[in-house]
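A, B, ... follow the sequence lines: proteins, then strands. Residue 1 opens every chain.
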Number of protein chains: 2
Amino acid sequence: MSGKHTIDDIARLAGVSKATVSRVLNHKPDVDPNTRQRILRIVEEQGFVPSITASGLAGGRSRLIGVLVPSFTWPFIPDVMRGIAEVIGQTQYELVLYSINDRLRENNRTSVIDRILATKLTAGLLAIFPGMTSPHLGRLFQHDFPTVVIDDQALPPDTPWVGANNITGAYTAVSHLIKLGHRRIAHIPGPLKLLCSRERYQGYCQALEEHGLPLDPDLLIEGDFQPKGGRLSANKLLNLPAEKRPTAIFAGNDQMAYGVLAAAEERGMRVPGDLALVGFDDISTSIHVRPALTTVRQPFYKMGQCAIEMLLSALDAPRYPIAGKPFTPFLPASLANHEDGLEIKNANGPEPIRVYLPTSLVVRASCGSPYPFTVPITATPPK
Amino acid sequence: MSGKHTIDDIARLAGVSKATVSRVLNHKPDVDPNTRQRILRIVEEQGFVPSITASGLAGGRSRLIGVLVPSFTWPFIPDVMRGIAEVIGQTQYELVLYSINDRLRENNRTSVIDRILATKLTAGLLAIFPGMTSPHLGRLFQHDFPTVVIDDQALPPDTPWVGANNITGAYTAVSHLIKLGHRRIAHIPGPLKLLCSRERYQGYCQALEEHGLPLDPDLLIEGDFQPKGGRLSANKLLNLPAEKRPTAIFAGNDQMAYGVLAAAEERGMRVPGDLALVGFDDISTSIHVRPALTTVRQPFYKMGQCAIEMLLSALDAPRYPIAGKPFTPFLPASLANHEDGLEIKNANGPEPIRVYLPTSLVVRASCGSPYPFTVPITATPPK
DNA sequence: CTGTTAGCGCATTCAG
DNA sequence: CTGAATGCGCTAACAG
């Protein structure tokens, strides 16, 4: 059961040449069905697993996929990773972890990209929430290195991209607050150099305009996606004179919403009584905070799943269980059941494809709605 | 700058054979200093990075390290990973991610081990909090596969191990509660099949005995390391008749402590007024919950750092920056500054080495101490 | 100290 | 449809 066999052993046992064994292992068509069966059986019996290293060298294409992870500390990384890992588990690919040191500088970001390019270890890269690293990813694209980006970047990407529909999500969240009667709704966006922050801001603006509400610049205070920044921004908002003070806040993510919660508590304001609050992400703790947070849920698991499937399909990867199992043609399963709200841009154009997965509004206590429910967000906001 | 060179190119440019280049790259001693310099310079200039794949194949030893990650959802994984990633970044090694699907069964756990063994992709394995997977890790040991386990296992391990000093940590936490005047202190351990749960329980018992307090079985209700389980156990404890009811609870980890907080809130009890609470781990959110949680801090970052250094040293890995930089002899830096409280068992014996890193008690609001401070835990409890 | 030779385990020609 | 031959890029013996 432990890789002590080589392909030669299998060839000998099956009474064929190793070239034939290799053909079977790689699902080449031109093999006699009986021979194929026999080889597959022996492979199975012996628990033979071809060496990723050797086949990478010989075939010129690796079966390793790089995953570029930003600081592990973002709370949704786990979900994204689960999506990725579960798909990878079905294939012969393995994941190589590239991480970016929070504390190191610019220099470090490019050096990771260089390593990925230079070692030629991996066949492709999944860049998760690259944030400030994303400008450097263009280099990969220029080198024709198969790359898929998951959400959140500082520039419009040069590479295929999977993310959530931030605009629609924000639009629905703010619309919900408006329907609850709020007229002075503040927004604490994340860093506006990040596209996702700008998109959520855009959704916020659209909702206000749509409902004939004014866009008050005093009600917009940029945050940093961290609780501390949220608290800071909230304090500024709540320090406004009573007639300008917001009655509701839409935070750019859940973590900043936690900061808002803290700020409100500090000054004895009750949420949602004195202040309604909506976040964005629906990270796992948001159901546990008090009051439970109303928020826009991002489909993190699906984002990972979809992105890795796109990457594998680009690598022309047959999706079969490990050696010996029948070949299953690839299907981008996560896109197959075209849900409402899914948007795909540049599907066939020369521009890199962009997949926008639908979000949903998870209504809990913090916005002051009578009881919890979920609003799937199925349509783009009217232009 | 992008790996378009092979070792032959460098050899040609330097006017030597590729064998010599290889020697330099691998820090072999027998090379003329001038030649070495020249080669190093050219390597640097050309941005040459040797192929991990090819050198793995040829040398018979891979420069990939496997990391076995349990469900990504444990909140301390990020810290451990950071420690690992930062050390790896200094070396020529890369990380390969193996994850265990939460939802799949037993079967799955062994199959991951099989894959690791069979593909022979990686030179060693770091198993993080293997939990229920740990029994299977014995297989690796039997196959002489270099493995280091980080904390938390169901059985005494057959392989080198790095963790925190659970007994001392728990002992100090409970002693602190006793010093604050508590006499009926309950404990909600994690699953008792996990060694770390039993060790914390042991520390709890030692502290009580040490101070002449009785060990009341009614004050011990096993949890599941999750908030929900903590809440459940806490409810049972708080339902005890007033004279038996605990005035303080020591939760087996922070997440269960959150559950205790919820249970207390539900019945209008105030923490720490009506109930003192101490957790274990000091995960990042514990400073933000209300009241801020007193807890035993585990040195997660260091655990990762220490474990990977042990593994690399076992692989006889020279710790040098990427190709071209001067060779730096390996030093297990994280153990070099022998802090107080560090315990190392079987350092030289036939038994696998076990490293116990010191914990510290982080005193915040939830235990009712006057103000926050940190107690480093420097000594083992008296036997 | 250095060059030459021979593989590592596999994929991929090219002839049959 | 199949086998033999060649080489992926590098390391490790072996001779100089």
**Prompt:** Within the pair A:Lys28 and C:dT12, is there a side-chain N or O less than 4.0 Å away from OP1 or OP2?
**Reply:** yes
**Message:** Between P on C:dG9 and NZ on B:Lys120, what's the gap in Å once rounded to a whole number?
**Reply:** 6 Å
**Message:** So, OP1 or OP2 of D:dT11: does either fall under 4.0 Å of a side-chain N or O from B:Ser22?
**Reply:** yes
**Donor-acceptor under 3.5 Å (A:Asp32 side chain, A:Asn34 main chain)** = yes
**Item:** Side-chain donor/acceptor of B:Thr147 to backbone N/O of B:Phe145, under 3.5 Å
**Value:** yes
Between the protein and nucleotides 1-3 of chain C, which nitrogen or oxygen pairs are less than 3.5 angstrom apart?
| residue | atom | partner | partner atom | Å |
| --- | --- | --- | --- | --- |
| C:dT2 | OP1 | B:Thr35 | OG1 | 3.0 |
| C:dT2 | OP2 | B:Asp32 | N | 2.8 |
| C:dG3 | OP2 | B:Ser17 | N | 3.1 |
| C:dG3 | OP2 | B:Ser17 | OG | 3.2 |
| C:dG3 | OP2 | B:Thr20 | OG1 | 2.9 |
| C:dG3 | N7 | B:Arg23 | NH2 | 2.8 |
| C:dG3 | O6 | B:Arg23 | NH1 | 3.3 |

**Message:** Just the rounded figure in Å: distance from P of D:dC10 to CG of A:Leu121.
**Reply:** 12 Å
**Asked** Does A:Leu121 offer a backbone N or O that forms a donor-acceptor pair with the side chain of A:Ser62 under 3.5 Å?
**Response** yes
**Request:** Taking B:Ser22 for its side chain and B:Lys18 for its backbone only, find out whether a donor-acceptor pair lies under 3.5 Å.
**Result:** no
**Request:** Check whether any side-chain heavy atom of A:Val16 sits under 4.5 Å from a side-chain heavy atom of A:Val24, and report yes or no.
**Result:** no
**Request:** Quick one: label B:Gly60 by what it contacts on the DNA or RNA (base, sugar-phosphate, nothing), any heavy atom closer than 4.0 Å.
**Result:** nothing
**Asked** For the side chain of A:Arg23 and the backbone of A:Asp30, is there at least one donor-acceptor N/O pair under 3.5 Å apart?
**Response** no
**Message:** What contact category does B:Ser55 fall into here, base, sugar-phosphate, or nothing, at under 4.0 angstrom with non-hydrogen atoms?
**Reply:** sugar-phosphate
**Fill in**
Here the distance between atom P of C:dC8 and atom CZ of B:Arg61, to the nearest Å, is 18 Å
**Complete:** OG1 (A:Thr119) and CZ (B:Arg63) are apart, to the nearest 0.5 Å, by 9.0 Å
**Item:** d(NE2, B:His27; P, D:dA12) in whole Å
**Value:** 14 Å
**Item:** Whole angstrom value for the distance that separates P of D:dG9 from CG of B:Asp9
**Value:** 9 Å
**Asked** Over how many whole Å does the gap from B:Leu25 atom CG to D:dC10 atom P extend?
**Response** 8 Å
**Message:** Rounded to whole Å, how long is the line connecting atom CZ of A:Arg63 with atom C1' of C:dA11?
**Reply:** 11 Å
**Message:** What is the separation between atom CG on A:Leu57 and atom P on C:dC8, rounded to the nearest whole Å?
**Reply:** 13 Å
